[in-house]
Asks: 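Got a structure here, written out as structure tokens. Questions coming.
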Amino acid sequence: MKKILNIFVITLIVSVLGSCSSFLDQKPRNIAIVKTVDDYKAILGSYMRWLKNPAFGENPAIKLPGFDVSRVTNIYSGEVSIKQSQIIDNNTGLITNFADTYMNWLSQSTVSTWNKNYIFTGPLNYIIDTVNDSEIPEGIDVEEFFDVANYVKGEALVWRAWTYYNTLRYFAPYKNNDLGIVLSMHYYEDPSEARLARATQLESYNQILSDLNEALELLEETPPNEEWNFAYNKEHIYSMMASIYHFKALSGGAEASDWGNAIIYADMAIDGKVLSSDPDNLKKMFNLNNVTAYQDDQFSWRVAKIGNLTGMAFRSAGYFVNANGQGNSNFAIRPLPADVHVLFAPNDIRTEVYLRPLSGGDLFTMDKYSLAGANRQNRGVIVPFRLADLYLIKAEAMARQGIADASGVLQDFLNARYTGDIPVIPGEPEVLLTEILRQRRIEFFQENGMRWLEMKRLNLTFDRGVIGGRSLVLESDDFRYAWPIPGTELGPESDVIQNPGWESIISVNF
């Protein structure tokens, strides 16, 4: 566990090397002295300025968490395919090692998400633990000091909750409550002071929700600084809580109150907001050029106000749009079959927003993220919590509890997505639930990790068929749905347990 804990949290720059195993071992450079509350604000603020104004031009004090997982998940879910020329070895007729690791759900690319998330939470722990004990600057009264401390701490609490929630979703076996994630909740000057182990899923969810509830309590004392804060606001927190209860409700850490809580927080986040039925507005959501954005070879950022929900926008990792592959990439969109209308109907506004015809209109490819960026990798906006998601979370939670109004919520959603003849709302509970889940698949098609997490949540089997003499099948509740804990976090000095199924696959050097 020492590799998770050895990030000294007032580091301004941490070297990023090519080797995953040494990534977390790097010693910090350019240490800053943290004494006053303004010092804390500067550390977290440098990161926030990157979110709110990427042209700020400085590296953030806190390294970026694993925002973008599309590089792996879109391949894992079948929404992106590998180029045919890269799948089969012409000499042997067998599937290539490169294709095998991705198409057999065994890619080691997942380790970067683990590394980035724990590097991110280290500084947050320091801020949360110590910001209220910092010195009060001259000329600042006590009340003003605690206002600043509260919105710095509140912002850190929400980001820690967000990061651990995503770590839990990707790295915990969904139905096994015993295996949650490692919860490193405090700052340790000496990492050897702690031997951490994996919490249960229920303990993990409770800690995540505790952070969010603490942030809500701080909001009652100190409203957010609208010019500085991003996640420290009720709209963002309520949206996250609705998402958490929705994902938790079928997991190993489920509780009877989860579906009801999902409805409560979805309602609080929606707060009377109505979905736009304008396809141009929907397209703008994913378009980095909708507002001024900073772009370079690494990142593109902006903050967008879409459908009354604030979204975080950044360069996608590519592999989204070009049917012929992204530059020198080994990936390409698999053209959607001619019967794509099974999902996307002609009168569905998402058809013209999400799809682009190929071969005279008989085949389609994805056009949601259609902005060519550096190295021909397409860029687009990924919004953590969308208004559409809140509507569908509420509808599903109501349907699973047998609440009759679920069909009305779905009807409101469909009214914003179809023109002319709107699909008939089914009356039977099971058919209603099936339609809600079908709409989730359409709405979030190829969005960052959404389909992969939905497959995991719904316990689906995915059969790619026989490729290069190999039958590639991901069974329901398959161990590969829980990404492997990096081998560098395991061993005799660690109490961390590997996810079942990966023990013979992942070495300590992974």
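By convention here, the first residue in the shown sequence is residue 1.
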Asks: Is there a donor-acceptor pair closer than 3.5 Å between any side-chain N or O of E79 and the backbone N or O of Q446?
Replies: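 Yes; judged by distance alone, with no hydrogens or angles, the pair exists.
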
Asks: When you measure from the side chain of E235 to the backbone N and O of N233, does any donor-acceptor pair fall under 3.5 Å?
Replies: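 Checking the backbone N and O of N233 against the side chain of E235, no donor-acceptor pair under 3.5 Å is found.
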
Asks: Side chain of N74, backbone of G449: donor and acceptor closer than 3.5 Å?
Replies: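 No: the side chain of N74 does not pair with the backbone of G449.
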
Asks: How about T167 and N117: does a side-chain donor come under 3.5 Å of a side-chain acceptor?
Replies: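 Side chains of T167 and N117: pair found under 3.5 Å.
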
Asks: Tell me if the aromatic rings of F445 and F344 count as close, with their centers under 6.0 Å from one another.
Replies: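 Yes; F344 has its ring centre under 6.0 Å from that of F445.
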
Asks: For S243 and Y165, test the side chains for any donor-to-acceptor distance below 3.5 angstrom and give the result as yes or no.
Replies: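 Checked: S243/Y165 side chains pair up, N/O donor to acceptor below 3.5 Å.
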
Asks: Return the minimal non-hydrogen interatomic distance between P173 and N499, and the atom names on each side.
Replies: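 Nearest heavy atoms, P173 then N499: CD-OD1, 3.3 Å.
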
Asks: Grab the two heavy atoms, one from P484 and one from T110, that are nearest each other, plus how far apart they are.
Replies: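 What the structure gives for the nearest pair is CD-OG1, 3.8 Å.
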
Asks: For the pair E443 and R350, find out whether any cationic side-chain nitrogen is under 4.0 Å from an anionic carboxylate oxygen.
Replies: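 Yes, E443 and R350 are salt-bridged.
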
Asks: Within the 4.5 Å heavy-atom criterion, are W114 and E489 side-chain neighbours or not?
Replies: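 They are in contact (side-chain heavy atoms under 4.5 Å apart), so the answer is yes.
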
Asks: Rounded at 0.5 Å granularity, tell me how far OH in Y118 sits from OG1 in T163.
Replies: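 With rounding to 0.5 Å, OH (Y118) is 10.0 Å from OG1 (T163).
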
Asks: Would you confirm whether S210, through its side chain, and N206, through its main-chain N or O, come within 3.5 Å as a donor-acceptor pair?
Replies: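 Pair absent, no side-chain N/O of S210 close to backbone of N206.
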
Asks: Could you check whether any side-chain heavy atom of K234 comes within less than 4.5 Å of a side-chain heavy atom of L216, counting everything from C-beta outward?
Replies: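 In short, these two side chains touch, coming nearer than 4.5 Å.
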
Asks: How long is the straight-line distance from OH of Y102 back to CG of L472, given to the nearest 0.5 Å?
Replies: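 Between atom CG of L472 and atom OH of Y102 there are 15.5 Å.
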
Asks: Tell me, please, which residues at least two apart from R470 pass side chain to side chain donor-acceptor pair (under 3.5 Å).
Replies: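 R470 satisfies side chain to side chain donor-acceptor pair (under 3.5 Å) with D100 once adjacent residues are dropped.
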
Asks: Check side chain to side chain donor-acceptor pair (under 3.5 Å) between D478 and all other residues, then give those that pass, not counting sequence neighbours.
Replies: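 R480.
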
Asks: Please check: side-chain N/O of Y245 versus main-chain N/O of M240, any donor-acceptor pairing under 3.5 Å?
Replies: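 Not confirmed, Y245 side chain does not pair with M240 backbone.
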
Asks: Measure the shortest side-chain to side-chain distance between F247 and L168 over non-hydrogen atoms and say whether it is less than 4.5 angstrom.
Replies: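 Sidechains of L168 and F247: no contact.
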
Asks: I'd like to know whether F479 forms a side-chain contact (heavy atoms from CB on, under 4.5 Å) with I505, so could you lay out the CA-CA distance, the side-chain angles of the two residues, the decisive distance to 0.1 Å, and finally the verdict.
Replies: CA-CA 12 Å; F479 77 90; I505 300 173; 3.9 Å; yes

Asks: Decide yes or no for V69 and N166: does some side-chain heavy atom of the first lie under 4.5 Å from some side-chain heavy atom of the second?
Replies: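 Heavy-atom side-chain distance check fails, nothing below 4.5 Å.
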
Asks: Under 3.5 Å, is there a donor-acceptor pair between the side chain of R160 and the main chain of L124?
Replies: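 Checked: no pair found.
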
Asks: Quick one: does any side-chain atom of S239 pair with a main-chain N or O of A269 as donor and acceptor, under 3.5 Å?
Replies: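 The answer is no, because no donor-acceptor pair under 3.5 Å joins these two groups.
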
Asks: Look only at the side chain of E155 and the backbone of A231, and say whether a donor-acceptor pair between them is shorter than 3.5 Å.
Replies: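 Pair found, side chain donor or acceptor close to backbone of A231.
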
Asks: Quick one: does Q201's side chain have a donor or acceptor within less than 3.5 Å of a partner on N176's backbone?
Replies: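 Confirmed, Q201 side chain pairs with N176 backbone.
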
Asks: Side chains of V152 and I127, heavy atoms from C-beta outward: is any pair under 4.5 Å?
Replies: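 When only atoms from C-beta onward are counted, I127 and V152 do touch, with a gap below 4.5 Å.
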
Asks: Could you verify whether a donor N or O on one side chain and an acceptor N or O on the other, from H186 and N125, lie under 3.5 Å apart?
Replies: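 No donor-acceptor contact under 3.5 Å links the two side chains.
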
Asks: After noting the C-alpha distance and the side-chain angles of V158 and L212, does the key distance pass the side-chain contact (heavy atoms from CB on, under 4.5 Å) rule?
Replies: CA-CA 6 Å; V158 179; L212 295 176; 4.3 Å; yes

Asks: Between atom CD1 of I181 and atom CG of L196, what is the distance when rounded to the nearest 0.5 Å?
Replies: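 Between atom CD1 of I181 and atom CG of L196 there are 11.5 Å.
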
Asks: Taking atom CG of L458 as the centre, does the number of heavy atoms from other residues, nucleotides or ligands within less than 6.0 Å exceed 12?
Replies: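 Above 12, so yes.
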
Asks: Out of the candidates Y174, F171, W452, only one should pair with Y481 under the ring pair (Phe, Tyr, Trp, His ring centres under 6.0 Å) rule; please name it.
Replies: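 Exactly one pass, corresponding to W452.
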
Asks: P500 and L179: which non-hydrogen atoms are nearest, and at how many Å?
Replies: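 In terms of heavy atoms, the two residues are closest at CD-CD1, 3.4 Å.
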
Asks: Is a salt bridge present between D477 and K456, judged by a nitrogen-to-oxygen distance below 4.0 Å?
Replies: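 Salt bridge flag = no for K456 with D477.
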
Asks: Can you list every salt bridge (Lys or Arg N to Asp or Glu O under 4.0 Å) pair that touches residues 236-252, not counting sequence neighbours?
Replies: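 Of all non-adjacent pairs touching residues 236-252, those that pass salt bridge (Lys or Arg N to Asp or Glu O under 4.0 Å) are K248-E255, K248-D258.
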
Asks: Can you check side-chain contact (heavy atoms from CB on, under 4.5 Å) on T461 and L474, steps first, answer last?
Replies: CA-CA 6 Å; T461 295; L474 185 74; over 6 Å; no

Asks: For N448 and Y170, which heavy atoms make the closest approach, and how far apart are they?
Replies: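 For N448 and Y170, the tightest heavy-atom pair comes out as O-OH, 4.2 Å.
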
Asks: When rounded to the nearest 0.5 angstrom, what distance separates CZ in R451 from CZ in R440?
Replies: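 The distance works out to 10.0 Å.
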
Asks: Charged N to carboxylate O under 4.0 angstrom, R457 versus E396?
Replies: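 So R457 pairs with E396 through a salt bridge.
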
Asks: How far apart are the C-alpha atoms of M455 and S77, what are their side-chain angles, what is the distance that settles it, and do they pass the side-chain contact (heavy atoms from CB on, under 4.5 Å) test?
Replies: CA-CA 8 Å; M455 289 163 59; S77 64; 3.7 Å; yes

Asks: Between the main-chain N or O of T121 and the side-chain N or O of Y164, is there a donor-acceptor pair closer than 3.5 Å?
Replies: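 Such a contact is absent between Y164 side chain and T121 backbone.
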
Asks: To check you understand the geometry: which heavy-atom pair defines the closest contact between L183 and E203, and what is its length?
Replies: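 Between these two residues, the closest heavy atoms are CD1-O, 4.0 Å.
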
Asks: What are the two closest non-hydrogen atoms of D129 and M185, and how far apart are they?
Replies: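 Where D129 meets M185 most closely, the heavy atoms are OD1-O, 4.1 Å.
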
Asks: Using 30° and 60° as the class boundaries, would you call the ring planes of Y265 and Y238 parallel, tilted or perpendicular?
Replies: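 Aromatic pair Y265/Y238 classed tilted.
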
Asks: To the nearest 0.5 Å, what is the distance between CZ (R198) and CG (D178)?
Replies: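 One finds 10.0 Å between CZ of R198 and CG of D178.
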
Asks: Is there side-chain contact between Y354 and L282, with at least one heavy-atom pair below 4.5 Å?
Replies: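 Yes; the side chains approach each other to less than 4.5 Å.
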
Asks: Centroid-to-centroid, F462 to W105, below 6.0 Å?
Replies: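 So the answer is yes for these two rings.
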
Asks: Please round to the nearest 0.5 Å and tell me the distance separating atom CG of L209 and atom CD1 of I244.
Replies: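 Between L209 CG and I244 CD1, I get 5.0 Å after rounding to 0.5 Å.
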
